[in-house]
Amino acid sequence: MHDSNGFRALIYAVRWSVLASMGGRLALVLAVLCVPSLLVALWFREFRYVLPFIVVLLPLLLFSQFTRRLPEPHQVSRSEGFVLTCAAFVLTPIVLTFAMLPSGLAWADLLFEMVSAVTTTGLSTVAHVEQMDRTFLFTRAWMQWYGGLGIVVLSVTFLLQRSLAVSQLLEAPEGQGITVALGVYARKIFRIYLLLTLLAVGIGWFCFGDFFTGMVHGFSAISTGGFSSRDDSLMGLAQWQQLLMMLPAMLGALSLALYLRLWQRAWRAVLDNQELRYFLGLSLLVWLGLQISAGSSGNGAEQSVLGTLVLGLSALTTTGFANVSIATLPPATLVILLVAMFVGGCLGSTAGGFKVFRLLVLWQLVLATLRRASAAPHAVIEARIQGKVLTQEQIQLAMLTGSLLLGLIVLSWLIFLFYGYPPLPALFEVVSAVGTVGLSAGVTQADLPLALKTVLCIDMIAGRVEVVALLCCLYPGVWLGHRNPAI
């Protein structure tokens, strides 16, 4: 009993004052982020969206003003960070659903679209997006844009503070604390993200020949979101244009901290980055696998070298742009895409999935285990990345994250099987949602049962904010108990 009481004494519940103070700031940010959509509605004379946006903006501004006088917390605990991150990705789509009511979609479908947007997934129940309003199409892509940026900043700030990844990303100058370094990091990343966005929109404008279409696809590409304003996604483009559209997706799937190193002219650090090399190697393996699969099946467009490369990059970067009908692909190709979608992009990027960095951690653990088996008894062999020894906590976190993702996938898949959906397409859809990819085997449609839409929404949110963060919000100890006023 003493041990149990001692353990409880070390557990602190979240502080409501901190959640309110930080929540007020997030509400103000969301209010500002609603303005571009409102301006688009005015520009295209879709005035029916104006009043709903005003109705949404007023409570956000009032809440922000009401919490403005609360004292600023000196430090935000990890559990409070988890709650704030999850709240941002759960409440934002709910709020924007009210603003998008004039689109004419059913409530469940509209909420599904908004969840898919802010989590940068790209799954959609809309059969003909070209018939939708410009405000709706812009808002989906815009939400993917700031959802991608938000998860980079929030994940580094709250989810990864004690990991090796953060030490590589930040490398705080001597004499600076982690909080100062995080603030500097966020501002620099925002500037880099803006520059990459301008490049992405320019590429989209060049490929599609229309600024609005290019902007929508540019936002979706750099955020690795994949929402398109066209029914055929990238299929209407020439294959070299499809590949060009994957350039900003690749840039978004790389750790944005690498661009800081490039800005600092630390070329050697970038070239020696193990995660970057593994990501490029995995891209090559996925492309080779798809090429072999397409060659053996003799299946049309995706059989070409460029076609398989675009498809493989779309899956591995978790962007979800489609250059072929996924439902017509052979099983071997779907399995390869499944693996690519599960792995995903780099840590500290806008991409989803398990992340290449964590895969690298597990691979180094396997190598260290194999080396110990043939080493001398007194030899000290430890798993390392970039010359730094991996701690037990870092290894356990990678294993826990992988286990939870696989568990979530299996559980969601079983629910789809219970409803009678074919095993492979159902598994493909679930992995696409958990990996925040957006490629669809034809399962996600307007007539999908509400329960399964709910399952996919949970999968998308859990895949975006990390399952650990979502479980933390459900843990009673996070909400109940004594609170630490010292932080």
Asker: Quick check: do Phe279 and Ser255 have side-chain heavy atoms less than 4.5 Å from each other?
Answerer: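 The answer is no, as the side chains (C-beta and beyond) never meet within the 4.5 Å cut-off.
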
Asker: Does the Thr224 side chain pair with the main chain of Ala249, one donor and one acceptor, at a distance under 3.5 Å?
Answerer: no

Asker: Give a yes or no on whether the backbone of Val115 and the side-chain of Thr119 come within a donor-acceptor separation of less than 3.5 Å.
Answerer: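 Yes, the answer is positive, given that a donor and an acceptor are paired below the 3.5 Å cut-off.
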
Asker: If we ignore hydrogens and angles and just use 3.5 Å, is the side chain of Ser412 paired with the main-chain N or O of Leu408 as donor and acceptor?
Answerer: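 Flag set: sc Ser412 to bb Leu408 pair under 3.5 Å.
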
Asker: Any chance the side chains of Ser37 and Thr139 put a donor and an acceptor closer than 3.5 Å?
Answerer: yes

Asker: Do Arg358 side-chain atoms and Gly402 backbone N/O form a donor-acceptor pair below 3.5 Å?
Answerer: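 It does not hold such a pair.
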
Asker: Within the structure provided, determine whether Thr318 and Met341 are in side-chain contact (heavy-atom separation under 4.5 Å).
Answerer: no

Asker: Start with the C-alpha distance between Leu137 and Trp142, add both sets of side-chain angles, then the distance that settles side chain to side chain contact (heavy atoms under 4.5 Å, CB included), and finish with yes or no.
Answerer: CA-CA 9 Å; Leu137 296 176; Trp142 176 239; over 6 Å; no

Asker: If you define the side chain from C-beta out and look only at heavy atoms, does anything of Leu60 sit under 4.5 Å from Leu28?
Answerer: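 No - every pair of side-chain heavy atoms lies 4.5 Å or more apart.
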
Asker: Start with the C-alpha gap between Val430 and Val455, add the side-chain angles, then the distance that decides, and say whether side chain to side chain contact (heavy atoms under 4.5 Å, CB included) holds.
Answerer: CA-CA 9 Å; Val430 167; Val455 168; 5.6 Å; no

Asker: At their closest point, which heavy atom of Ala383 faces which heavy atom of Gln364, and how far apart are they?
Answerer: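 Looks like CB-O, 3.7 Å.
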
Asker: Could you report the tightest heavy-atom contact between Thr317 and Met246, atom names first, then the distance?
Answerer: OG1-CE, 4.0 Å

Asker: For Arg48, does the CZ atom have more than 12 heavy-atom neighbours from other residues, nucleotides or ligands under 6.0 Å away?
Answerer: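 Counting neighbours around CZ of Arg48, more than 12 heavy atoms of other residues, nucleotides or ligands fall under 6.0 Å, so yes.
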
Asker: Is a side-chain N or O of Ser440 found less than 3.5 angstrom from the main chain of Gly442, in a donor-acceptor match?
Answerer: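 Side chain of Ser440 to backbone of Gly442, a donor-acceptor pair under 3.5 Å: yes, one is there.
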
Asker: So, do Glu113 and Pro93 sit near enough that their side-chain heavy atoms are less than 4.5 Å apart?
Answerer: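 Not in contact.
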
Asker: Between Ser220 and Gln144, do the side chains contain an N or O donor and an N or O acceptor separated by less than 3.5 Å?
Answerer: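 On atom types as modelled, these side chains qualify, holding a pair under 3.5 Å.
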
Asker: Quick check: do Leu96 and Val56 have side-chain heavy atoms less than 4.5 Å from each other?
Answerer: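 Side-chain contact under 4.5 Å: no.
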
Asker: Search all heavy atoms of Ala327 against all heavy atoms of Ala441 and return the closest pair with its distance.
Answerer: CB-O, 3.5 Å

Asker: Would you say the side-chain atoms of Arg25 and Ser64 include a donor-acceptor pair closer than 3.5 Å?
Answerer: no

Asker: Without swapping roles, check the side chain of Ser103 against the backbone of Phe136 for a donor-acceptor pair under 3.5 Å.
Answerer: no

Asker: Identify the two heavy atoms, one from Leu38 and one from Val50, that lie closest to each other, and give their separation to 0.1 Å.
Answerer: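 In terms of heavy atoms, the two residues are closest at CD1-CA, 3.8 Å.
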
Asker: Ignoring hydrogens, what is the shortest heavy-atom contact between Leu316 and Leu282? Give both atom names and the distance.
Answerer: CD2-C, 3.9 Å

Asker: Search all heavy atoms of Thr92 against all heavy atoms of Tyr146 and return the closest pair with its distance.
Answerer: CG2-OH, 4.0 Å

Asker: Hey, could you give me the SG/CE distance between Cys34 and Met143, rounded to the nearest 0.5 Å?
Answerer: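 Going from the SG atom of Cys34 to the CE atom of Met143 covers 8.5 Å.
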
Asker: Would Leu149 and Ile189 count as a side chain to side chain contact (heavy atoms under 4.5 Å, CB included) here? Give the steps.
Answerer: CA-CA 9 Å; Leu149 174 64; Ile189 285 299; 4.2 Å; yes

Asker: Is the gap between the ring centers of Trp145 and Phe138 under 6.0 Å?
Answerer: no

Asker: Using modelled atom types and a 3.5 Å cut-off, is there a donor and acceptor pairing between side-chain atoms of Thr436 and backbone atoms of Thr121?
Answerer: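 The answer is no, because no donor-acceptor pair under 3.5 Å joins these two groups.
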
Asker: I'd like to check Thr401 versus Lys355 (side-chain heavy atoms, cut-off strictly below 4.5 Å). Are they in contact?
Answerer: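 Answer no - side chains too far apart.
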
Asker: Taking Trp479 for its side chain and Val14 for its backbone only, find out whether a donor-acceptor pair lies under 3.5 Å.
Answerer: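 No; judged by distance alone, with no hydrogens or angles, the pair does not exist.
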
Asker: ring-ring contact (aromatic ring centres under 6.0 Å, His included), that's the test. Do His217 and Phe227 meet it? Break it down for me.
Answerer: CA-CA 7 Å; His217 286 82; Phe227 266 142; over 10 Å; no

Asker: Kindly say whether Ala322 contributes a backbone atom to a donor-acceptor pair with the side chain of Ser233 at under 3.5 angstrom?
Answerer: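 Such a contact is found between Ser233 side chain and Ala322 backbone.
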
Asker: Should Met460 and Phe89 be marked as a side chain to side chain contact (heavy atoms under 4.5 Å, CB included) after you check the CA-CA gap, both sets of side-chain angles, and the distance that decides it?
Answerer: CA-CA 10 Å; Met460 290 186 285; Phe89 283 89; over 6 Å; no

Asker: Measure from the side-chain N and O atoms of Asn273 to the backbone N and O of Glu275, and report whether any donor-acceptor pair falls under 3.5 Å.
Answerer: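 Yes, the answer is positive, given that a donor and an acceptor are paired below the 3.5 Å cut-off.
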
Asker: Given side chains that start at C-beta, do those of Ile94 and Leu111 come closer than 4.5 Å, heavy atoms only?
Answerer: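 Contact flag for Ile94/Leu111 side chains = yes.
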
Asker: For a 4.5 angstrom cut-off between non-hydrogen side-chain atoms, does Val83 reach Leu19?
Answerer: yes

Asker: May I ask you to decide whether Glu429 forms a salt bridge with Lys453, counting only side-chain N to carboxylate O separations under 4.0 Å?
Answerer: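 Salt bridge between Glu429 and Lys453, a charged N being under 4.0 Å from a carboxylate O: no.
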
Asker: With a cut-off of 6.0 Å (strictly less than), are more than 12 heavy atoms of other residues, nucleotides or ligands near OH of Tyr278?
Answerer: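 Yes.
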
